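Have a look at the structure below before the remarks.
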Protein chains: 2
Amino acid sequence: MAQQPEAQQAGALPRPTLESVAERAGVSRATASRVVNGGTGVREALREKVQRAVDELGYAPNLAARTLVTRRNHAIAVVVAEPESRLFSDPFFAQHLRGISRELSAADNQMVLLLIEAQQDYERVGRYLAGGHVDGALLFSLHRSDPLPEMARRVGLPTVIGGRPGWPGAESDRELVYVDSDNRGGARMAVQHLRSLGRTRIATITGPLDQTSSTDRLDGYRDLIPDGDPALIAEGDFTPDGGGRAMAELLARRPDLDAVFAASDAMASGALRVLRTHGRRVPEDVAIVGFDDVESIAAWTEPPLTTVRQDIEEMGRLMARLLLRRLASPAQPLAPTSVITPTRLVRRESA
Amino acid sequence: MAQQPEAQQAGALPRPTLESVAERAGVSRATASRVVNGGTGVREALREKVQRAVDELGYAPNLAARTLVTRRNHAIAVVVAEPESRLFSDPFFAQHLRGISRELSAADNQMVLLLIEAQQDYERVGRYLAGGHVDGALLFSLHRSDPLPEMARRVGLPTVIGGRPGWPGAESDRELVYVDSDNRGGARMAVQHLRSLGRTRIATITGPLDQTSSTDRLDGYRDLIPDGDPALIAEGDFTPDGGGRAMAELLARRPDLDAVFAASDAMASGALRVLRTHGRRVPEDVAIVGFDDVESIAAWTEPPLTTVRQDIEEMGRLMARLLLRRLASPAQPLAPTSVITPTRLVRRESA
DNA sequence: TTGAAAGCGCTAACAA
DNA sequence: TTGTTAGCGCTTTCAA
């Protein structure tokens with residue numbers, strides 16, 4: 001037999017099947033399958049024959065066929081409902097993905113990315129999650145009453161959520177697994193730090209108040225300033241622009257403020273600019289602390305930001321790990337429970 | 001050993017199949033299939049019956065089964081070999097993904113994201129591409145002699161590359177489809193603009209010179225300054241830090257420089273900071289032009305950056321569109337050819 | 001230890 | 001217009 005090495009022609013060369021491997025190795029399909037899948041209980045001689053056939057043919061299993069029988073896709077969905085504003089001004093998103101990617105690919109799982117931009121995308125994503133393409137889902141940036149967790153539950157898809165999904169009551173009965181950082185504790189640290197600097201008129205710029213990461217940080221602020229003047233609180237939207245607008249409001253309402261806790265670095269950068277145009281020196285006149293410690297923002301503002309660090313990549317990794325664990329032991333009574341990761345203060349020059 | 005189907009939680013019913021839909025509607029599987037797939041040539045009465053059964057059962061096709069017969073995955077791989085430095089300091093990546101996502105989901109295709117971080121990841125990705133999970137691949141940020149295009153070719157996977165893949169010779173025989181922006185023309189615009197401002201000692205900070213986006217931009221610079229002093233050229237790495245370092249070098253070598261063309265906004269932001277610490281006013285003493293027009297950087301530097309805009313999202317969309325077109329007409333003699341998207345100057349305050 | 005055979009859920013010829 | 005039927009490529013009983 002003339003056994004030519006693969007002549008690689010572009011176009012329709014049919015992929016080798018397990019059948020062809022078996023034939024070449026002179027064994028049955030079942031035996032070939034055993035070898036390909038870790039091969040316990042196959043005589044060494046046959047093992048080698050099959051392995052050689054695999055190599056020579058350049059065989060790779062057809063995973064649709066495999067999925068059809070194993071009911072395992074080795075793929076998980078990552079659904080991002082992040083409003084575009086943040087998605088594109090913050091490396092937040094990329095860092096999460098990296099953490100997830102690392103953890104998943106270590107377990108040979110793939111990541112299917114689903115971006116939600118408009119209302120109609122929910123339907124598309126819902127269909128996809130119901131379609132059985134993926135073994136689980138990682139959900140990000142849920143808004144109040146987001147339908148996604150319920151969709152996933154309905155089709156029995158194991159799910160882990162990024163950030164505490166906090167709409168009140170309604171969903172509290174069912175157990176949602178999530179990973180979040182210690183937003184409240186982090187905010188307390190920030191305010192405590194400003195206090196230790198002797199500041200007494202400490203304002204805060206919050207994120208959008210329909211997200212728990214925003215409200216939790218605000219709660220942390222209030223923990224230390226329980227009877228604060230409401231005029232010292234302004235709502236932003238996690239973007240530099242929004243932070244700048246909020247800062248301008250605060251200055252108008254309380255020109256005597258001497259410190260600001262901004263609930264994200266991006267907002268802090270916008271606030272910084274407004275402070276500058278208003279002639280306030282940072283940190284001499286107004287000290288400012290951010291949140292996130294996104295290097296490419298915090299280290300590059302003028303002056304560099306003191307901020308609350310959260311390990312975003314680690315959060316991504318944790319989410320993936322939780323999900324994989326859940327997949328490994330489906331009907332586990334001790335289901336994986338939610339995780340809160342710590343935050344810490346990173347001092348630079350703004351406070 | 002009866003193995004329980006995984007990814008199916010306790011209480012969740014087994015997913016309905018086409019068979020069960022057909023039974024409930026009182027038709028054959030084939031008819032049910034026709035209805036589910038757009039259903040031409042089915043009597044209205046039956047159509048409705050089947051549709052009702054689908055709705056009542058909450059039927060969603062099993063796509064592994066469908067893929068097995070149609071040989072179409074409705075999924076494409078997006079491979080990003082971006083060095084982490086850039087991935088996390090630049091919204092570049094997120095914008096590309098958005099463009100791709102939009103185009104793909106409009107055609108009901110999904111996006112499988114593969115991040116390459118280390119050498120060993122190439123093997124994993126290669127296996128994946130060979131595994132037949134996806135119908136095509138979109139490749140980003142290739143480095144010189146990157147093995148990815150060849151891997152994809154070997155398994156006959158239609159591929160579109162982001163950015164001109166420019167290793168010399170070697171690969172020039174085979175036709176690689178790519179989408180790139182007019183880097184050279186954009187650079188020329190930048191330099192031309194600086195000139196029109198009366199600047200005569202124009203320096204440039206390049207990206208890493210093993211990427212064509214960097215060398216093309218440098219070529220554009222040289223087009224207008226053919227006999228320039230080599231001391232006016234410094235290599236950066238697309239990060240703010242690298243830009244700052246390059247700027248410091250330039251100032252040391254040519255303290256008399258009066259303008260800088262930085263090959264990315266991120267580098268320009270670093271350069272700006274170094275100029276400031278050296279007491280140079282921008283644009284009075286030194287005018288500076290960036291590249292990319294990444295809003296969250298360019299609009300937020302001090303002063304805001306004049307820069308060369310490339311429409312990154314549009315590039316993502318184009319890549320996806322080219323790939324889909326290729327999938328639609330496989331052996332097309334008039335294969336889709338590469339595309340160069342235009343750039344344009346956006347004036348702000350730095351030049 | 002190995003092989004034969006029965007599906008997994010679906011589409012697409014081909015018949016009726 | 002509809003149904004029958006033959007696979008797609010694989011894993012996994014069950015028997016040998």
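Sequence lines set the chain letters: A, B, ... in the order given, protein chains first and strands last, and positions in each chain run from 1. Below, all heavy atoms of this structure are taken into account, side chains as well, without hydrogens, waters or symmetry copies. Just so it is clear, the model here is predicted, and its values are computed rather than measured.
- Comparing the axis of the opening five pairs of the helix from C:dT1-D:dA16 to C:dA16-D:dT1 with that of the closing five pairs yields an angle of 40°, rounded to 10°.
- C:dC10 atom P lies 9 Å from atom CG of A:Leu68, rounded to whole Å.
- Taking CG of A:Leu114 as the start and CG of B:Leu104 as the end, the distance is 11.0 Å to the nearest 0.5 Å.
- Residues B:Ile161 and B:Val177 have side chains not in contact (no heavy-atom distance under 4.5 Å, counting atoms from C-beta outward).
- Separating the NE2 atom of B:His133 from the P atom of D:dC8 is a distance of 20 Å, rounded to the nearest angstrom.
- Using a 4.0 Å cut-off on heavy atoms, the residues of residues 26-37 of chain A that approach DNA chain C are A:Val27, A:Ser28, A:Arg29, A:Ala30, A:Thr31, A:Arg34, listed by number.
- A:Leu46 comes within 4.0 angstrom of sugar-phosphate atoms only, judged by non-hydrogen atoms across all strands, and of no base.
- At whole-Å resolution of the value, CZ in B:Arg47 and P in D:dT2 are 11 Å apart.
- Residue-environment remark: CD (B:Glu23) stays at or below the threshold of 12 foreign heavy atoms within 6.0 Å.
- In this structure, A:Glu23 atom CD and D:dG9 atom C1' are separated by 15 Å, rounded to whole Å.
- Phosphate proximity of D:dC8 to B:Arg71: absent, as no side-chain N or O sits under 4.0 Å from OP1 or OP2.
- Between the CG atom of A:Leu113 and the CG atom of B:Leu113 there is a distance of 5.5 Å, given to the nearest 0.5 Å.
- Separating the CG atom of B:Asn62 from the P atom of D:dG9 is a distance of 16 Å, rounded to the nearest angstrom.
- For the OP1/OP2 pair of D:dT1 and a distance below 4.0 Å, the side-chain nitrogens and oxygens of B:Arg43 include no atom meeting the criterion.
- Residue B:Arg98 holds its CZ atom at 5.0 Å from CD of A:Glu117, rounded to the nearest 0.5 Å.
- Counting to the nearest Å, the C1' atom of D:dT11 and the CD atom of A:Glu19 are 14 Å from each other.
- Looking at B:Glu56 and B:Arg52, no side-chain N of the basic residue comes within less than 4.0 Å of a carboxylate O on the acidic one, giving no salt bridge.
- Distance A:Lys49 NZ to C:dG3 P: 10 Å, rounded to the nearest Å.
- As rounded to whole Å, 12 Å separates atom P of C:dT1 from atom CD of A:Glu44.
- In this structure, the side chains of B:Val112 and B:Val78 stay at 4.5 Å or more apart for every pair of heavy atoms.
- Side-chain N/O atoms of A:Asn73 and A:Arg66 include no donor and acceptor closer than 3.5 Å.
- Taking OG1 of B:Thr159 as the reference point, atom CZ of B:Arg153 lies at 10.5 Å (rounded to 0.5 Å).
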